[in-house]
Every structure is written in C-alpha cells, then in structure tokens.
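Presented below is the structure to which this report refers.
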Amino acid sequence: MKSVLRLGKLQITILLLLLFSVLIYAARLEALLWYSIKPGFSAVSHQTSLELGQYTVSIDALPISGVDSDLSGLTYNHETGTLFSVINGQSSIVELSTSGELLRKIALQGVKDVEGITHINGHQYAIVDEAEHRLMLIEILPETLTVDITDVPQLRLDLNIRRNKSFEGVSWDEHHQRLLVVTERNPLRVLQITGFVEQSNGNDQLSVTEVTPGRFNRLALRDLSSVTHGPHADTVLLLSHESRLLAEYDADGKLLGSLNLWRGFHGLRANIPQAEGVAIGPDGSIYITSEPNLLYVFEKPKAMH
C-alpha cells in the first residue's frame, strides 16, 4: 500500500511539474526566469558592459505621431544625432528625434518586407529584407524622400529557412568592420558579414560566418528581433520580442546582463508588446521600438554613467 501511495505522489509531482512548465511556457516566462537566475560576470561587466540592470525607463510607450503600425528595426546616426527606423508594412524609413518626434518619412521602392536598418557612415545605411533573405546598401541624404533599391548593392543568402522567419535585424560594427545580422528563429542565428560594405571600393573578400557557431542556440530566447553592440563594440546585445528581453553578451559569449521588458521591471507601466528594434546612443541611452508605433527610452541614473 505504501509503495502504491509513493507511486501516486510521484505521479502527482510529475504532473504538477509538467503543468507548471506548460504554464511558464504559455506565459512566455522561461527566458525571464532563466536570465534572472543565470549569474552574471561582474568583473568583466564593470569594464565593458552597459550594466543593463541599472537602467530605468525615461520614455515609456510613446506613440509616434504619423506612424500607424509596423514600426520595426532601429539605428542611431551619430552624425545627425537622430534615429532611423523602418516600417515593414508600408516599406518605408522614418527619421525620428531621440524624443520620438517624426522628422521625415522616406518611401522604399523595390522591397516589400524590410525589417532592419543600421547606419554605417556618412549617408550610407544597410537594410535587410526578410522575405527575400537579402541585405542591401542604400544612401539617405538630408533631402532624400524616396529610395529605389533596384540597382543598389545587394547580398542574398539561401539559409534554408522559412520565408517569413529570416533576417530580422542588422547592426554595423565599426570597430570590427562587420555587419551583424540576426535571423528570427528555427534556428536562431547571429551572422557576421565582412567585405560586403567594402565591395563598392573593389574589395571582393566577402565572408559570411556564424558568430561562435551554435552558441546562440542555447539562449533560452524564443526569437531574435534585433541586434546591436555596446558603445565600444566590446559586447553584443540581442533583442527578443517574444521573450520580452534584451540580453548583453561579451565576445566570448558570456552573459553580462539583461533588460527585462515586462511590466514592473525598470519602471515599465506595462509589458512592451512587440519589441522589434534596439539602438544605443553615445551617452549609453537605450532606444527600443515596438509595434505598432511605440518608442521606449531607457537610461542609467546620472551618477552611474
């Protein structure tokens, strides 16, 4: 009888654990729990990381006037001091002030599913097209209102992934002269592309590799929606809209910290609904765009800068 009771208790325990796991997954909490308990690396963090845990929201869910929906990738232009984002539904680029004011809208011709954007230098930018698995170099001048990508430099990659689960974000790493591109899922990938930006200058040394292959498959993140790097390009920051989390890693793949995009964390009044773009300003401010048309800004207390 005792063995039967023990067996019954064991079955109940297993059932409760399974039920708990299902509830955690359904509520999208697995990444939040994983990154909350996973230890950081304080010695390295003090030297190179943004120390994401110290940030608080200063602009919370600001609707961008003039943008209705589909606000996606994001980049900070250090030369103009403004933000550039993309709208994938309308195939356009918008320039924003750091306080969220719409400065201009630029129509994109020849692309239907633009998801990410990054400023390289001067008037040069890179954008990614998820539907066609391609990366494009474009120019945006101060007076530009339309960009036709028909004849711009393009790189198309066959990654054997579903049409709508391809390129999601892109970031130019000036320090290492490389483009970082993330794929959404199945599998999660962080690609390093070198030589593409320099091709216009006659450089044919194109290289596409995975950043420490396989490492990012163990992120406990459901998807990757954007990528950027720290102010000194010593760290990589990965954004997941489904897991509602921004995670920072060093060059060796060690976790340095995370920014939880859930209600109650970092001063947020509500969950960030669909975080699609992330950029970092020269003062360390973190800018995040979320569908449908929201801007968030996170800052450290001044004494910690």
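For this chain, numbers begin at 1 and follow the sequence in order.
- Annotation for Ser85 and Gly73: closest pair OG-O, 2.6 Å, computed over non-hydrogen atoms.
- Val94 and Ile138 sit in two unconnected hydrophobic clusters of ILVMFWY residues. Membership requires side-chain heavy atoms under 4.5 Å apart, directly or through other members.
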key: Stepwise side-chain contact (heavy atoms from CB on, under 4.5 Å) check, Val236 with Val227   = CA-CA 7 Å; Val236 174; Val227 60; 4.0 Å; yes
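- Although no hydrogens or angles enter the test, the distance criterion places no donor-acceptor pair under 3.5 Å between the side chain of His229 and the main chain of Thr235.
- Using modelled atom types, no side-chain atom of Thr183 and backbone atom of Leu188 make a donor-acceptor pair closer than 3.5 Å.
- When hydrophobic clusters are built by joining Ile, Leu, Val, Met, Phe, Trp and Tyr residues whose side-chain heavy atoms come closer than 4.5 Å, directly or via intermediates, Tyr287 is not grouped with Val57.
- At least one donor-acceptor pair under 3.5 Å links the side chain of Ser58 to the backbone N or O of Val297.
- Leu179 is listed as a side-chain neighbour of Val197, based on a closest heavy-atom distance under 4.5 Å.
- Residues Leu294 and Thr289 have side chains not in contact (no heavy-atom distance under 4.5 Å, counting atoms from C-beta outward).
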task = Check the pair Leu238 / Val278 against side-chain contact (heavy atoms from CB on, under 4.5 Å), numbers first and verdict last.
result = CA-CA 9 Å; Leu238 301 174; Val278 60; over 6 Å; no
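- The minimum heavy-atom distance linking Leu206 with Leu155 is given by the pair CD2-CD1, 3.8 Å.
- In terms of modelled atom types and a separation under 3.5 Å, the side chain of Ser97 and the main chain of Glu101 share a donor-acceptor contact.
- Remark: His78 pairs with Tyr76 by the ring pair (Phe, Tyr, Trp, His ring centres under 6.0 Å) rule, at least two apart or across chains.
- Residue Asn77 holds its CG atom at 12.5 Å from CG of Leu96, rounded to the nearest 0.5 Å.
- Looking at every heavy atom in both residues, Ser240 comes nearest to Asp223 through OG-OD1, 2.6 Å.
- Tested against Asn88 for a side chain to side chain contact (heavy atoms under 4.5 Å, CB included), the candidates Asp113, Val111, Asp129, Leu71 yield a single pass: Asp113.
- One hydrophobic cluster, built from ILVMFWY side chains closer than 4.5 Å, holds both Val208 and Leu137.
- For the atom pair CD1 of Ile93 and CG of Leu145, the computed distance is 11.5 Å after rounding to the nearest 0.5 Å.
- For the pair Tyr55 and Leu50, the minimum side-chain heavy-atom distance is below 4.5 Å.
- A donor-acceptor distance shorter than 3.5 angstrom exists from the side chain of Asn271 to the backbone of Arg263, with no hydrogens or angles considered.
- Proximity of a side-chain donor or acceptor of Ser243 to a complementary backbone N or O of Arg222 within less than 3.5 Å is detected.
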task = Test Ser171 against Thr228 for side-chain contact (heavy atoms from CB on, under 4.5 Å), laying out the working first.
result = CA-CA 5 Å; Ser171 180; Thr228 191; 3.8 Å; yes
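- Atom CG of residue Asp70 and atom CD of residue Glu291 lie 5.0 Å apart, to the nearest 0.5 angstrom.
- In the displayed structure, Lys105 atom NZ is contacted under 6.0 Å by more than 12 heavy atoms of other residues, nucleotides or ligands.
- A donor-acceptor pair under 3.5 Å links the side-chain atoms of Arg104 to the main chain of Thr144, judged by distance alone.
- Going from atom OG of Ser290 over to atom CG of Leu74 covers 11.5 Å, rounded to the nearest 0.5 Å.
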query = Given the rule in the side-chain contact (heavy atoms from CB on, under 4.5 Å) test, do Thr56 and Phe298 qualify, once you have shown the distances and angles that lead to the verdict?
reply = CA-CA 5 Å; Thr56 57; Phe298 295 85; over 6 Å; no
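- Arg244 and Ile272 make their closest contact through NE-O, 3.1 Å (heavy atoms, listed as atom of the first residue, atom of the second, distance).
- For the atom pair OG (Ser225) and CD (Glu276), the distance works out to 5.0 Å, reported to the nearest 0.5 Å.
- Taken together through direct or relayed side-chain contacts under 4.5 Å among Ile, Leu, Val, Met, Phe, Trp and Tyr, Ile59 and Leu268 form parts of separate hydrophobic clusters.
- For the pair Asn293 (side chain) and Val67 (backbone), a donor-acceptor distance under 3.5 Å is present.
- When side chains are defined from C-beta on, Gln177 counts as touching Glu198, because their heavy atoms get closer than 4.5 Å.
- Considering only heavy atoms from C-beta on, Ile106 stays 4.5 Å or farther from Ser92 through its side chain.
- By the rule that hydrophobic residues join a cluster once side-chain heavy atoms approach within less than 4.5 Å of another member, Leu221 and Val182 end up as members of one cluster.
- Not counting sequence neighbours, the partners of Tyr125 by the ring pair (Phe, Tyr, Trp, His ring centres under 6.0 Å) test are Phe84, His119.
- No side-chain heavy atom of Glu210 sits less than 4.5 Å from a side-chain heavy atom of Gln192.
- Looking at heavy atoms from C-beta onward, Trp262 lies out of side-chain contact with Leu245 at the 4.5 angstrom threshold.
- Of all the heavy atoms in Ala126 and Val170, the pair that sits closest is O-CG1, 4.0 Å.
- Judged by distance alone, with hydrogens and angles left aside, the side-chain atoms of Arg178 form no donor-acceptor pair with the main-chain N or O of Trp172 at under 3.5 Å.
- A pairwise comparison of heavy atoms in Leu62 and Ser99 identifies CD2-O, 3.2 Å as the closest pair.
- Side-chain contact between Ile87 and Leu108 is absent, with no heavy-atom pair separated by less than 4.5 Å.
- Glu115 places no side-chain N or O within 3.5 Å of a backbone atom of Glu130 that could act as its donor or acceptor partner.
- Atom OG1 of Thr194 is separated from atom NE2 of His176 by 12.0 Å, given to the nearest 0.5 angstrom.
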